Amino acid sequence: MEHIIRKTALYDACEKAGGKMVDFHGWLLPMQFEGIIAEHKAVREDAGMFDVSHMGQIFFEGPDAHKLLQTIATNNFKNTPGAGAYSHVLTEKGGVIDDIIAFCMTPQKFLVVVNSATKDKDYAWFAKVAKEGKFDAKVIDASDNYTMLALQGPKALDILTKLDADIKNLPRFNLKEAKILGGDVIITRTGYTGEEGCEIMGGADVINKLFDWALQNGFKPCGLGSRDILRFEAGYLLSGSDMDETRTPYEASFGWVVKMNKDIDFIGKPALLKQKEEGVKEKWQSFKLDGGIAREGALIYKDGKQIGKLTSGVFSPLFKAICAGYAPADLPEDSEVEIEIRGKMVPAKSVKTPFYKIL
Amino acid sequence: MYNQENCKFAKTHEWAFIEGDTAVVGISDHAQHEISDIVFVELPKTGAKVEAGKRAAVIESVKSASDIYAPVSGEVIAVNDALTGDPALVNKAPHGEGWIFKVKMSNPAEAEALASYADYKATL
């Protein structure tokens with residue numbers, strides 16, 4: 001298949017701000033600007049922003065829009081305008097197709113924000129479920145109409161009150177429509193960093209204006225490098241790496257997104273009920289090590305025997321070398337294990353997550 | 001300390017500062033800048049034999065690992081233990097406190113084949 005590389009509408013702005021652009025799942029995005037550690041610090045202590053225009057926006061519209069969302073998602077969504085939540089989307093077998101954040105805009109219109117690498121697959125799945133289940137709802141991929149900026153950090157909302165005086169009153173995981181800098185936008189109180197902040201979506205023009213405004217008002221431009229560390233510290237999964245269709249939410253240690261008692265049965269529920277009864281063999285768990293940085297794909301050993309494999313591994317300025325992967329579910333916390341780095345066994349310890357939690 | 005003008009350079013961006021039959025080895029300012037935010041250095045062991053053009057150490061930045069090749073062959077006679085506690089010394093002073101290891105050369109002619117600073121700079 002031909003590898004198509006696309007630019008976001010913020011590409012020029014990012015490059016002008018000093019972004020080192022890289023190909024990320026077919027999108028040219030900044031890996032870093034000034035430096036990953038400086039950008040990580042900006043988000044943890046001040047304010048940083050990320051071009052997340054590669055994310056997908058899919059709308060469910062029609063009388064059955066809410067029912068469709070409840071069917072494809074494990075979490076329980078309200079049909080109250082503004083309300084939103086994080087969820088997993090599963091196959092019939094309970095495997096994770098993607099993780100999403102979805103919001104009610106009106107009782108007959110829902111916005112589903114999906115990951116870029118899985119967007120086309122998600123869209124096809126939603127459309128198939130809607131068609132086969134005869135839902136009276138349209139599934140619309142509107143990703144090309146939206147440019148998206150994540151504004152994150154303890155000072156992010158304070159700064160943004162200059163654009164929207166009410167922004168702090170927006171509850172977490174809620175959405176609102178607003179007019180800023182002369183353009184219509186959707187603001188959601190969400191993020192992928194573990195810090196306060198929001199994400200703002202709109203047309204290319206207004207979000208470019210917002211990028212320039214934010215640059216002048218104290219937001220440091222940040223890249224994928226710091227974003228991966230921030231999300232990992234906060235215990236957020238990376239779809240496609242930390243979980244995929246071969247793993248269930250229980251195995252991914254995200255059982256809380258599964259709501260067995262909601263009004264509508266979601267796809268994958270019978271498989272999850274069965275797994276809940278039988279118990280999981282492997283679980284996504286985290287480790288801390290000393291003497292190297294373990295990356296995705298490194299093997300985990302205990303008493304000389306391979307017991308698992310890492311799906312994520314970063315160097316955190318706060319917690320040093322930390323990583324996570326799938327290993328036996330009965331491995332106790334504080335277990336001594338070894339992780340193989342370049343042929344060498346490096347001692348590591350299983351630890352409780354998330355590493356960083358303030359929200 | 002090991003001024004770049006007085007060092008010899010490998011194509012793979014390591015420098016060697018030659019004193020008699022000893023070479024002090026580090027990475028160039030250009031290389032440290034490209035790697036950026038160095039957070040871990042895997043040093044060779046004192047006494048280990050290294051071979052010109054082969055991996056002798058590994059530098060990890062926040063985003064990736066980079067192999068460091070020995071610019072000359074010989075025996076490692078010293079390593080910069082300060083990098084264990086402060087790997088960012090390689091960023092701060094690539095030609096000073098950020099040196100990586102010292103080699104007693106087994107074939108000093110190899111050093112002659114390395115590029116001068118002026119020639120190395122011209123390739124960047």
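As the structure is a computational prediction, the values presented were derived from the model and not from experiment. Sequence lines set the chain letters: A, B, ... in the order given, protein chains first and strands last, and positions in each chain run from 1.
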For chain B, which residues of residues 21-35 of chain A have at least one non-hydrogen atom nearer than 4.5 Å to it? A/Met31, A/Gln32, A/Gly35

Roughly how far, to the nearest 0.5 Å, is CD of B/Glu14 from OG of B/Ser28? 8.5 Å

The interface call for B/Ser64 against chain A, heavy-atom contacts under 4.5 Å, is backbone

Does A/Ile207 reach the side chain of A/Ser53, with side-chain heavy atoms less than 4.5 Å apart? no

OH/B/Tyr117 to CH2/B/Trp15 distance, rounded to the nearest 0.5 angstrom? 13.5 Å

Looking at every heavy atom in both A/Cys14 and A/Phe211, which two are closest together, and how far apart are they? SG-CE1, 4.1 Å

Please state whether the side chain, the backbone, both or neither of B/Val58 comes within less than 4.5 Å of a heavy atom of chain A. side chain

Pairwise side-chain contact, B/Ile18 with B/Met105, heavy-atom cut-off 4.5 Å (strictly under): yes

Checking heavy atoms, do the side chain of A/Lys320, its backbone, both or neither come under 4.5 Å from chain B? neither

Side-chain contact, heavy-atom cut-off 4.5 Å: B/Thr123 with B/Lys11? no

Using only heavy-atom distances, determine whether the side chains of A/Arg247 and A/Thr311 contain a donor-acceptor pair under 3.5 Å. no

Over 60° means perpendicular and under 30° means parallel, so tell me whether B/Tyr120 and B/His30 are parallel, tilted or perpendicular. perpendicular

More than 12 heavy atoms of other residues, nucleotides or ligands under 6.0 Å from CD of B/Glu97: yes or no? no

Where do A/Arg342 and B/Glu42 land on the side chain to side chain contact (heavy atoms under 4.5 Å, CB included) test, with the steps shown first? CA-CA 10 Å; A/Arg342 293 183 291 273; B/Glu42 191 179 298; 2.7 Å; yes

Measuring from atom CG of A/Leu310 to atom CD1 of A/Ile322, what distance do you get when rounded to the nearest 0.5 angstrom? 12.0 Å

How would you list, in number order, the residues of residues 284-305 of chain A that have a heavy atom less than 4.5 Å from chain B? A/Gly291, A/Gly292, A/Ile293, A/Arg295

